[in-house]
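Atoms within each ligand, like the ligands themselves, are counted from 1 in listed order. Index from 1, following the sequence. The analysis underlying the following values was restricted to heavy atoms, covering all of them including side chains, and did not include hydrogens, waters or symmetry mates.
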Amino acid sequence: MTTAQQAPDILSPAFAADPYASYRVMREQYPLIWHEGMQSYIVSRYADVEKAFKDPVFTSDNYDWQLEPVHGRTILQMGGREHSVRRALVAPAFRGKELQEKFLPVIERNARELIEAFAADGSADLVAQFATWFPINVIVDMLGLPREDHARFHGWYTSIIGFLGNLTQDPEVTAAGLRTREELAAYMIPVIQERRANPGDDLLSALCTAEIDGTTMSDEDIKAFVSLLLAAGGETTDKAIAGVFRNLLANPDQLAAVRADRELVPAAFAETLRFTPPVHMIMRQPSADVELSGGTVAAGKTVTCLIGSANRDGERYADADRFDVFRQDLTTANAFSAAADHLAFALGRHFCVGALLAKAEIEVGVNQLLDALPDLALAEGETAEEQGLFTRGPASLRVTFTPKG
Ligand code: HEM
């Protein structure tokens, strides 16, 4: 085990500019680091991150202080039966018939509307004009909330992800996040009460009426879950869709292959999740002393699990630093299930409950964008550089294309 003085520092500007080079050094030389500033251990190898997700000794109690202040209490911080029951209450809406029949048309409509707004322009920023809006608009519509509130939710979304990424503890960003918590509660609680009295055919009504073994969701539970959806379902999908295009635009032969054979879209998404995952790191807190590569972590300490590094582990993937939609060591068929062999959705108890919704959104979004934007290319001067520490993705993706006539 080493200290941050010797190893790459994940809070340094060099790391922010290119974490992937540091990840390699960490995996090879410093598999277990104690970071004094973060008061956390850091693990970077695939085997250790996988263990932290799957072994029940690793709790997610860290979310009590990481997420509860902005969302309220959510399933992410629960364990045992409390988690299983709460998860069973919400999961049906994000898979199977509900997803295919009820929500797919919502996804298609929102993608189409956003694209129509710029398809005749010949240029666009796919982050600012598409990716940041698309998943939020979809969630608002799935919940059955007024479509004229898309911009209001986009504002709350921006404030929540600002709060979660506020490593420098900027007081204005903190205040805006806490204000959003109040505003969202003031908006949601009356709507939830109204929906309980008059349930409709939407996700919010489904949450209001769901019951498992006599357990139902309180108004506060539902409000907290909606808040979580904005971050967990919004920011991730936002960064994923931008990532798919960034990776394909950087590999024009692969872009051409995907454009010609749309069956490859899920493979392009799966490989993007491995190569540039939207969530680069999440924490866990072991309830007992636990052995990891490089030493023992004591019970109660925080462990930061570097998904972005684990997914580039040469012990797990051949030529791991290369984006390759045709790679043989990543199974697309499993990539959106708890049997996934990448770690971008985590694994185990908290495996992303929205993975199939994300897949549906990415498939619809990528296909519609490819159809509407022929000759898609990066705009001059666009470097599509990634930004972010815990979550990471291109800050902008300015592209040009032949305008729709
Ligand atoms: C590419 C898109 C996405 C990525 C990369 C992603 C990533 C993740 C990760 C890493 C976790 C586990 C967190 C942990 O264990 O600490 C998670 C959990 C979760 N995700 Fe996603 N997610 C995505 C899309 C979505 C969508 C679209 C939704 C729903 C609208 C969603 C809702 C959730 C929820 C509710 C959880 C908590 C599950 C639980 O605690 O049992 N996610 N996601």
S.K.: Select one of side chain, backbone, both or neither to describe which atoms of H350 lie under 4.0 Å from any atom of ligand 1, heavy atoms only.
M.R.: both
S.K.: Could you list all the ring-ring contact (aromatic ring centres under 6.0 Å, His included) pairs where at least one residue sits in residues 266-309, not counting sequence neighbours?
M.R.: Y20-H280, Y23-H280, F269-F336, F275-F323
S.K.: Could you tell me, atom by atom, which parts of ligand 1 come under 4.0 Å of a heavy atom of I282?
M.R.: 13 (C), 14 (C), 15 (O), 16 (O)
S.K.: With 2.8 Å as the threshold, which protein atoms of type N, O or S lie near atom 21 (Fe) of ligand 1? Leave waters out.
M.R.: C352 SG
S.K.: With a 4.5 Å limit on heavy-atom distance, are the side chains of L369 and D371 in contact?
M.R.: no
S.K.: Could you list the atoms of ligand 1 found under 4.0 angstrom from a heavy atom of R87?
M.R.: 38 (C), 39 (C), 41 (O)
S.K.: Can you check which of I75, I241, L229 brings a heavy atom nearest to atom 29 (C) of ligand 1?
M.R.: L229
S.K.: I need the nearest protein heavy-atom contact for atom 7 (C) of ligand 1: residue, atom name and distance, please.
M.R.: A344 O, 3.5 Å
S.K.: So is F53 touching ligand 1 or not, going by heavy atoms under 4.0 Å?
M.R.: no
S.K.: What atoms in ligand 1 come closer than 4.0 Å to a heavy atom of T237?
M.R.: 2 (C), 24 (C), 27 (C)
S.K.: Which residue owns the protein heavy atom closest to atom 16 (O) of ligand 1, what's the atom, and how far is it?
M.R.: Y63 OH, 2.5 Å
S.K.: Within the 4.5 Å heavy-atom criterion, are N137 and F153 side-chain neighbours or not?
M.R.: no
S.K.: Is the closest heavy atom of R284 to ligand 1 under 4.0 Å?
M.R.: yes
S.K.: I'd like to check I33 versus S44 (side-chain heavy atoms, cut-off strictly below 4.5 Å). Are they in contact?
M.R.: no
S.K.: Less than 4.0 Å is my threshold; does some heavy atom of S60 fall inside it relative to ligand 1?
M.R.: no
S.K.: Where's the contact between L76 and ligand 1, heavy-atom distance under 4.0 Å: side chain, backbone, both or neither?
M.R.: both
